[in-house]
2 protein chains.
Amino acid sequence: MTDRRDNGGTDDLEAALRGAGLRITRQRRVILAILAGGDDHPDALALFRRAARQDPSISLSTVYRTMKVLEERGAIQRHTFEGGPARFEPADGVHHDHLIDLDSGEVIEFRSERIEKLQDEIARELGYEIVSHRLELYGRRRK
Amino acid sequence: MTDRRDNGGTDDLEAALRGAGLRITRQRRVILAILAGGDDHPDALALFRRAARQDPSISLSTVYRTMKVLEERGAIQRHTFEGGPARFEPADGVHHDHLIDLDSGEVIEFRSERIEKLQDEIARELGYEIVSHRLELYGRRRK
DNA sequence: GATAATAATGCAAATCATTTGCAAAAAGAA
DNA sequence: TTCTTTTTGCAAATGATTTGCATTATTATC
Ligand SMILES: [Mn+2]
Ligand SMILES: [Mn+2]
Ligand SMILES: [Zn+2]
Ligand SMILES: [Zn+2]
């Protein structure tokens, strides 16, 4: 058994690039590691700053370009919550939706089989087939 | 009984402005009529073009400024569907969500009591109270 | 209706997030 | 290593929306 430690999904992301015949550059490696390692939803600037700590030569353009290819390959999800810039997260696990705490800005993930099913039903009734959807709840802590 | 014809809710929008001590200008009147009259979800540029037909002196800035005050007063809803610019619609009737036809771009409105309720439940379970939400389905016609 | 105080407008310039052209650098195949 | 192709950093361009400012219009008041 080899010494394989949990890399948080970096391999999946790298595979997504390799599979598309794209190259694994030093800067991409750094960005992928950050994406796979974090458990939040950073925007391009946040990714850039974190990446720059490991590789000061990295540019914001590269972050944007990398997000684009990863999204095209379906390796990451792009979210655009009210107001703010686009935010990203690896698209590994199962699908989930988000609840945004209006006071703290915190993003909470949730998943409801029932809602997912209802959405399908609604679309079907309207004669449609869902390709994707976006469900975001904005609220505040209940006291 | 006076000769009151259906103005499609222009009065509501005007009231929203008046009520906030804001002024009813010629350009605002035009914009409000277009908003209240249409049954679609135009973006600022579309509103501007339609308004310009009635009043060529109107500016895009004014459209944006008017949308902002109307939104602040809760008189209109602002939507930002995937990709595109912000789109608007009067916030008269009951709340509804949207299904966007990926092929035609058509925006279909729907309303599901059950989904609305489920969202509340989910938020409650997470210890939150929903202030607003956004549910958008993107799909294609089922053949 | 004229008047004065204040809000709204048009225009151009500014902002913000994101994209793009291009020459230089790096990656991968041979 | 060499060659071909992709990727990068940088600066400039975009697209949507906002803003400063001088001018104009609206509304409360007389
Ligand atoms: Mn998430
Ligand atoms: Mn609608
Ligand atoms: Zn979902
Ligand atoms: Zn809803």
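A, B, ... follow the sequence lines: proteins, then strands. Residue 1 opens every chain. Nothing here was measured: the structure is a model prediction, and the numbers come from that model.
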Which residue pairs pass the salt bridge (charged side-chain N to carboxylate O under 4.0 Å, His left out) test when at least one of the two sits in residues 60-77 of chain B, sequence neighbours left out?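 Matches after skipping sequence neighbours: B/E71-B/R78.
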Please give me every residue in residues 49-63 of chain A whose heavy atoms get under 4.0 Å of an atom in DNA chain D, ordered by residue number.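 Of all residues in residues 49-63 of chain A, the ones placing a heavy atom under 4.0 Å from DNA chain D are A/S57, A/I58, A/S59, A/S61, A/T62.
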Between residues 66-74 of chain A and DNA chain D, which residues have a heavy-atom gap below 4.0 Å?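 The answer is none.
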DNA chain D: 5'-most and 3'-most nucleotides touching chain B, 4.0 angstrom heavy-atom criterion: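 With heavy atoms of chain B under 4.0 Å away, the range is D/dA16 to D/dT27.
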How would you list, by chain and number, every residue that makes a side-chain hydrogen bond (donor to acceptor under 3.5 Å, both in side chains) with [X], sequence neighbours excluded?
X: B/D40; result: B/R50
X: A/R140; result: A/D103
X: B/D120; result: none

Please report the interatomic distance OG(B/S112) to CG(B/L118), rounded to the nearest 0.5 Å.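 Atom-to-atom, B/S112:OG and B/L118:CG are 8.0 Å apart.
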I need the A/R26 CZ to A/S57 OG distance, nearest 0.5 Å.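 One gets 4.5 Å once the value is rounded to the nearest 0.5 Å.
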Rounding to an integer number of Å, can you tell me how far A/R87 CZ sits from C/dC16 C1'?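 Checked: the CZ to C1' distance equals 17 Å.
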Rounded to whole angstrom units, what separation is found between the CZ atom of A/F48 and the C1' atom of C/dT18?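 Taking atom C1' of C/dT18 as the reference, CZ of A/F48 is at 14 Å.
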Evaluate the side-chain contact (heavy atoms from CB on, under 4.5 Å) criterion for residues A/E106 and A/L99: first the C-alpha distance (whole Å), next the side-chain angles of each, then the deciding distance (0.1 Å), finally the verdict. CA-CA 8 Å; A/E106 190 188 356; A/L99 162 57; over 6 Å; no
Strictly below 4.0 Å: does A/Y64 bring a side-chain N or O up to OP1 or OP2 of C/dT19?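 So the side-chain polar atoms of A/Y64 never come under 4.0 Å of the phosphate oxygens OP1 or OP2 of C/dT19.
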Taking only N and O in the side chain of B/R28, is any of them less than 4.0 Å away from OP1 or OP2 of C/dT9?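 Yes, because at least one side-chain N or O of B/R28 sits under 4.0 Å from OP1 or OP2 of C/dT9.
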I'd like to know whether B/Y138 forms a side-chain contact (heavy atoms from CB on, under 4.5 Å) with A/I130, so could you lay out the CA-CA distance, the side-chain angles of the two residues, the decisive distance to 0.1 Å, and finally the verdict. CA-CA 6 Å; B/Y138 296 86; A/I130 295 181; over 6 Å; no
Under the side-chain contact (heavy atoms from CB on, under 4.5 Å) criterion, do A/M67 and A/L47 qualify, and how do the steps go? CA-CA 10 Å; A/M67 292 306 103; A/L47 284 170; 3.7 Å; yes
To the nearest 10 degrees, what angle separates the axes at the start and end of the helix from C/dG1-D/dC30 to C/dA30-D/dT1, five pairs each?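 Roughly 40° between the end axes, to the nearest 10°.
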May I ask you to decide if B/I58's main-chain N or O and B/T62's side chain share a donor-acceptor pair within less than 3.5 Å?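 No, because the side chain of B/T62 does not come within donor-acceptor range (under 3.5 Å) of the backbone of B/I58.
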Quick check against the 3.5 Å criterion: does B/R28 have a side-chain atom that pairs as donor or acceptor with the backbone of B/R23?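 At least one qualifying donor-acceptor pair exists.
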Take A/R114 and A/E116 through the test salt bridge (charged side-chain N to carboxylate O under 4.0 Å, His left out) and record every step on the way to the result. CA-CA 5 Å; A/R114 296 174 65 196; A/E116 299 295 323; over 6 Å; no
Provide the full list of ring-ring contact (aromatic ring centres under 6.0 Å, His included) pairs with a residue in residues 81-106 of chain B, sequence neighbours left out, each pair given once.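 Passing the test, one end in residues 81-106 of chain B: B/H41-B/H98, B/H79-B/F81, B/H79-B/H98, B/F81-B/H98, B/H95-B/H133, B/H96-B/H98.
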Which atom pairs link the protein and nucleotides 27-30 of chain C when you take only N or O atoms and keep those under 3.5 Å?
| residue | atom | partner | partner atom | Å |
| --- | --- | --- | --- | --- |
| C/dA27 | N3 | A/R23 | NH1 | 2.8 |
| C/dG28 | OP1 | A/I24 | N | 3.1 |

Set of residues satisfying salt bridge (Lys or Arg N to Asp or Glu O under 4.0 Å) with respect to B/R142, sequence neighbours excluded: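 Result, salt bridge (Lys or Arg N to Asp or Glu O under 4.0 Å) vs B/R142: none returned.
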Under 3.5 Å, side-chain donor or acceptor atoms of residues 29-37 of chain A against the rest of the protein: list the pairs with distances, not counting sequence neighbours.
none

